[in-house]
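Fair warning: this is a prediction, and the values are worked out from it, not measured in the lab.
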Amino acid sequence: CRLGRIEATANVYYKGRYYLNIGNIFPENAYALVNAGVSWKDPSGRWTFGLYGRNLANKRYINYGGASSLGDFGLYGRPRTFGVKVGYEL
């Protein structure tokens, strides 16, 4: 195509309720993450420029956690994130 090609993507990642440790005492509720992006590939097919967004609803969720001798702990997943991608194919 003379003007290049535009591509849009979107997805939803869903994780059901689960427990973060073997004793089933540290539950994480179900959550969904919404991601989207758009990219443009130049007419030569070599250059690609894109924009993306991750966790667009800015859902707060625990990505990893458990229990230790110091107590329970959890690490939150990434908040809403935006970015730019540039690519070149040889």
Side-chain angles (χ1 to χ4, degrees):
C1 183
R2 284 185 307 147
L3 300 175
R5 188 178 79 202
I6 294 177
E7 183 177 285
T9 60
N11 68 32
V12 176
Y13 172 82
Y14 175 81
K15 190 159 193 172
R17 181 183 165 111
Y18 65 100
Y19 291 89
L20 296 165
N21 66 338
I22 199 164
N24 289 343
I25 58 171
F26 196 36
E28 170 63 355
N29 291 324
Y31 63 89
L33 303 177
V34 179
N35 308 304
V38 63
S39 63
W40 174 77
K41 187 171 268 197
D42 79 321
S44 73
R46 292 185 179 251
W47 285 97
T48 304
F49 301 90
L51 302 171
Y52 66 87
R54 304 282 183 259
N55 191 8
L56 294 175
N58 204 25
K59 175 68 179 167
R60 189 172 178 183
Y61 64 99
I62 297 176
N63 195 35
Y64 177 80
S68 73
S69 59
L70 299 175
D72 295 339
F73 67 95
L75 301 174
Y76 286 101
R78 291 183 178 185
R80 182 184 300 130
T81 306
F82 297 99
V84 176
K85 296 192 301 188
V86 177
Y88 182 78
E89 294 182 30
L90 298 174

Do the side chains of Ile62 and Tyr13 join up, straight or via other hydrophobic residues, at under 4.5 Å, putting them in one cluster?
->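 Yes, it is one cluster - the side chains of Ile62 and Tyr13 are joined through contacts under 4.5 Å.
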Side-chain heavy atoms under 4.5 angstrom apart, residues restricted to Ile, Leu, Val, Met, Phe, Trp, Tyr: same cluster for Phe49 and Tyr52?
->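 Cluster IDs for Phe49 and Tyr52 differ.
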Residue pair Thr48 / Ser39: nearest heavy atoms and the distance that separates them | CG2-CB, 4.1 Å
If we only count heavy atoms from C-beta on, is the [X] to [Y] side-chain gap below 4.5 Å?
X	Y	value
Arg2	Pro43	no
Leu33	Tyr61	yes
Asn63	Tyr76	no

Identify every side-chain donor-acceptor pair in residues 81-90 under 3.5 Å, counting partners at least two apart or on other chains, and give the distances.
residue: Thr81; atom: OG1; partner: Pro79; partner atom: O; Å: 2.8
residue: Glu89; atom: OE2; partner: Lys41; partner atom: NZ; Å: 3.1

Spell out, as yes or no, whether a donor-acceptor pair under 3.5 Å connects the side chain of Asp42 to the backbone of Trp47.
-> yes
Between Asn58 (side chain) and Arg80 (backbone), is there a donor-acceptor pair under 3.5 Å?
-> yes
Which residues share a side-chain hydrogen bond (donor to acceptor under 3.5 Å, both in side chains) with Tyr18, sequence neighbours left out | none
If you count the non-hydrogen atoms of other residues, nucleotides and ligands that lie under 6.0 Å from CZ in Arg78, is the total more than 12?
-> no
Partner residues of [X] under the side chain to side chain contact (heavy atoms under 4.5 Å, CB included) criterion, sequence neighbours left out:
X	value
Arg17	Tyr19, Pro27, Asn29
Asn35	Asn11, Arg54
Ala10	Ala36
Ala32	Val12, Tyr14

